[in-house]
Amino acid sequence: MNLYEKLFLKGEKKKILALLDPDKLEKPKLESLIEEINRSQKVVACLVGSSLIVNSDIDAFVYEVKSKTQKPVILFPGSHAQLTKHADAVLFLSLLSGRNAQYLIDEQVRMAPILRKFNLEAISTAYLLIESGRTTTVEWVTNTRPIPRNKVDLVIAHVLAAEMMGFKLIYLEAGSGAEKPVPNELIKLVKANINIPLIVGGGVKSLDTINGVFEAGADFVVIGNKLEEDPKFLRSLI
Ligand code: 1GP
């Protein structure tokens with residue numbers, strides 16, 4: 001069984017994916033966060049990546065994370081430069097909400113031979129950026145426009161297309177540090193229209209938001225910023 005089947009299809013739902021941004025987590029901070037991740041039953045995997053990594057060595061970072069946790073480490077790469085053989089799998093993202101060929105297919109073409117060489121499992125993921133208040137880094141770096149948060153039909157058409165195209169996961173992204181997370185009403189409608197697992201992330205930083213997002217139908221929630229600020233936050237999640 002591959003990691004996709006084990007974790008996303010057959011594994012327990014309503015779980016947390018802890019996002020680790022190598023540029024933001026220096027050694028002591030990383031160590032205390034991983035300790036919390038290890039003791040949390042709510043966290044089922046670590047994601048590693050960022051829209052832009054400028055100061056870190058992804059190879060060394062993932063090697064370090066792998067040496068400190070038994071939980072799967074899945075890459076969440078902003079580009080083909082963020083791959084490493086030390087991970088367990090990669091979210092093979094296509095930024096379907098945008099119309100920039102670089103993030104729809106070009107990065108994937110660059111990544112594919114490297115993934116083959118590393119023998120890394122690629123989990124094809126339809127990545128949809130949803131408008132969330134302010135301009136987010138992912139919006140700026142990818143030079144794409146997010147889908148307006150009130151254009152429900154447009155979002156549904158995108159996720160239907162994604163499933164028909166054979167993507168294995170849907171990821172609704174408000175953007176790291178988003179002012180407003182993806183609306184629960186939108187999550188509910190997306191969930192009602194798909195059969196593949198649903199990941200939601202961006203701007204999730206309170207217990208109430210997490211509960212609301214899960215109640216609306218998210219299978220997995222990604223949390224980044226909040227865990228960097230307060231790793232012990234995970235203790236409040238049961
Ligand atoms: C960003 O969805 C993730 O790609 C996580 O966002 O850092 O706001 O939790 P936050």
Side-chain angles (χ1 to χ4, degrees), residues 8 14-25 29-30 33 36-37 40 42-54 56 58 61 65 73-79 82 87 90-98 103 107 123 125-144 146-147 149 155 159 169-184 186-187 190 197-214 216-234 236-237:
F8 292 105
K14 315 265 176 243
K15 294 288 184 184
I16 303 289
L17 304 172
L19 176 61
L20 309 177
D21 178 339
D23 269 359
K24 294 201 200 146
L25 290 163
K29 209 167 168 189
L30 176 66
L33 177 51
E36 295 298 328
I37 288 171
S40 168
K42 204 69 183 164
V43 178
V44 287
C46 298
L47 298 186
V48 176
S50 178
S51 301
L52 193 67
I53 295 180
V54 283
S56 319
I58 187 88
F61 185 85
V65 174
V73 177
I74 303 172
L75 299 177
F76 175 52
S79 83
Q82 294 181 26
V90 55
L91 290 187
F92 200 49
L93 306 164
S94 184
L95 183 51
L96 282 199
S97 54
Y103 294 96
E107 287 293 336
I123 305 172
T125 303
Y127 190 49
L128 271 72
L129 186 56
I130 309 295
E131 186 266 317
S132 62
R134 288 187 296 261
T135 304
T136 57
T137 307
V138 57
E139 174 183 349
W140 202 88
V141 169
T142 61
N143 200 13
T144 65
I147 305 178
R149 56 199 283 116
V155 177
V159 299
L169 293 173
I170 303 284
Y171 187 149
L172 296 181
E173 171 72 278
S176 184
E179 196 180 340
K180 298 181 241 170
V182 177
N184 289 340
L186 183 59
I187 296 172
V190 165
L198 176 61
I199 302 177
V200 174
V204 175
K205 37 185 192 274
S206 75
L207 209 49
D208 275 359
T209 311
I210 294 171
N211 291 336
V213 167
F214 279 140
D219 297 305
F220 301 91
V221 171
V222 179
I223 310 181
N225 275 282
K226 180 67 190 174
L227 299 185
E228 285 160 17
E229 285 158 22
D230 177 17
K232 290 195 171 65
F233 174 69
L234 285 173
S236 57
L237 307 178

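Just so it is clear, the values below take in all heavy atoms, side chains as well, and ignore hydrogens, waters and symmetry mates. As the structure lists them, so they are numbered: ligands from 1, and atoms in each ligand from 1. We number each residue from 1, following the sequence as shown.
- Counting heavy atoms under 4.0 Å from ligand 1, residue E173 touches it through the side chain alone.
- Near I223, the atoms of ligand 1 lying under 4.0 angstrom from a non-hydrogen atom of the residue are 9 (O).
- When each of D21, N225, T136 is checked for a side chain to side chain donor-acceptor pair (under 3.5 Å) with S176, only N225 meets the rule.
- Close approach of ligand 1 to Y171 is summarised as follows: ligand atoms under 4.0 Å from at least one heavy atom of the residue are 2 (O), 3 (C), 4 (O).
- Both the backbone and the side chain of N225 come within contact range of ligand 1, each with a heavy atom under 4.0 Å.
- Those atoms of ligand 1 with a heavy atom of G202 less than 4.0 angstrom away are 2 (O), 3 (C), 5 (C), 6 (O), 8 (O).
- Ligand-side atoms of ligand 1 in range of F76: 4 (O), range being under 4.0 angstrom from any heavy atom.
- In terms of the salt bridge (charged side-chain N to carboxylate O under 4.0 Å, His left out) criterion, residue partners of K15 (sequence neighbours excluded) are, by chain and number, E12.
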key: Step-by-step side-chain contact (heavy atoms from CB on, under 4.5 Å) determination, Q82 to L75   = CA-CA 8 Å; Q82 294 181 26; L75 299 177; over 6 Å; no
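- Taking every heavy atom of G177 and a limit of under 4.0 angstrom, the matching atoms of ligand 1 come to 7 (O), 8 (O), 10 (P).
- Between F76 and Y171, the ring planes lie parallel to each other; the angle is under 30°, not in the 30° to 60° tilted range.
- Considering only residues two or more places apart in sequence or on other chains, S51 meets the side chain to side chain donor-acceptor pair (under 3.5 Å) condition with none of them.
- What sits closest to atom 9 (O) of ligand 1 on the protein, heavy atoms only, is G224 N, 2.8 Å.
- Two residues are said to be in side-chain contact when any heavy atoms from C-beta on lie closer than 4.5 Å; L20 and I37 meet this criterion.
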